[in-house]
Visitor: 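Dropping the structure in here first, questions after.
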Amino acid sequence: TMGSKAMTLAEFSNALRILHSIDYDEVAHFIDRDFTTPPAGSSPWMQFRSDPVRYFLRADDATQAKLWAIIEARQPKKDAA
């Protein structure tokens, strides 16, 4: 997690990789929008899959927070020392 320290290049790169690898089931579970319908056409799922970064940047604060929670859950844990 970032805490009060700036995110490193490696952490930022890893966060982008995680964002690109989020699965449908993770998004359907964390996002309250219409991700529960089968992915098709221009559904939110297809918009997310075609460009996760753009989707994240255009999402409302609540959706961004849910996506960030998925990313943070997969980030390597730093030592407490």
Side-chain angles (χ1 to χ4, degrees):
T1 62
M2 287 178 35
S4 62
K5 180 181 155 278
M7 182 182 267
T8 66
L9 174 59
E11 290 167 334
F12 179 71
S13 179
N14 192 53
L16 289 176
R17 285 185 181 98
I18 292 168
L19 183 63
H20 276 271
S21 68
I22 291 174
D23 295 323
Y24 177 80
D25 292 337
E26 291 175 288
V27 175
H29 176 72
F30 280 95
I31 296 178
D32 298 328
R33 299 179 74 183
D34 190 23
F35 275 63
T36 56
T37 58
S42 63
S43 70
W45 168 247
M46 293 305 290
Q47 291 172 20
F48 176 79
R49 285 311 310 149
S50 68
D51 193 344
V53 173
R54 180 182 176 139
Y55 186 90
F56 181 89
L57 293 173
R58 291 178 163 221
D60 59 41
D61 291 346
T63 301
Q64 285 183 349
K66 291 174 184 180
L67 289 167
W68 186 249
I70 294 170
I71 293 168
E72 283 290 280
R74 289 198 199 171
Q75 289 278 24
K77 304 301 177 218
K78 292 185 179 181
D79 294 331

Visitor: Please report the closest heavy-atom contact between Val27 and Phe48, naming both atoms and the distance.
Guide: CG2-CE2, 4.1 Å

Visitor: Check step by step if side chain to side chain contact (heavy atoms under 4.5 Å, CB included) holds for His20 and Val53.
Guide: CA-CA 8 Å; His20 276 271; Val53 173; 3.8 Å; yes

Visitor: Could you check if a side-chain atom of Thr63 sits within less than 4.5 angstrom of a side-chain atom of Tyr55, using non-hydrogen atoms only?
Guide: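 In contact.
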
Visitor: Who pairs with Asn14 by side-chain hydrogen bond (donor to acceptor under 3.5 Å, both in side chains), at least two apart in sequence or on another chain?
Guide: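 Asn14: side-chain hydrogen bond (donor to acceptor under 3.5 Å, both in side chains) contacts with Gln75.
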
Visitor: Could you measure the distance from the CH2 atom of Trp68 to the CG atom of Asp61? Nearest 0.5 Å is fine.
Guide: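 Answer rounded to 0.5 Å: 14.5 Å.
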
Visitor: Please examine the side chains of Phe12 and Leu16, heavy atoms only from C-beta on, and report whether any two atoms are closer than 4.5 Å.
Guide: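 They are in contact (side-chain heavy atoms under 4.5 Å apart), so the answer is yes.
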
Visitor: Going by the rule salt bridge (Lys or Arg N to Asp or Glu O under 4.0 Å), which residues pair with Arg74 if we only count those two or more places apart in sequence or in a different chain?
Guide: Glu26

Visitor: What's the spacing between Asp23 CG and Arg49 CZ if we round to 0.5 Å?
Guide: 7.5 Å

Visitor: Under 3.5 Å, side chain of Ser50 to main-chain N/O of Met46, donor-acceptor pair present?
Guide: yes

Visitor: Starting at CZ of Phe56, measure out to CD1 of Ile71 and round the result to the nearest 0.5 Å.
Guide: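 Answer for the CZ-CD1 pair, Phe56 versus Ile71, is 5.5 Å.
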
Visitor: Establish whether Leu57 and Met7 are linked, either directly or via other cluster members, by ILVMFWY side-chain heavy-atom contacts under 4.5 Å.
Guide: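 Yes, because Leu57 and Met7 connect within a single hydrophobic cluster, where side-chain heavy atoms sit under 4.5 Å apart.
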
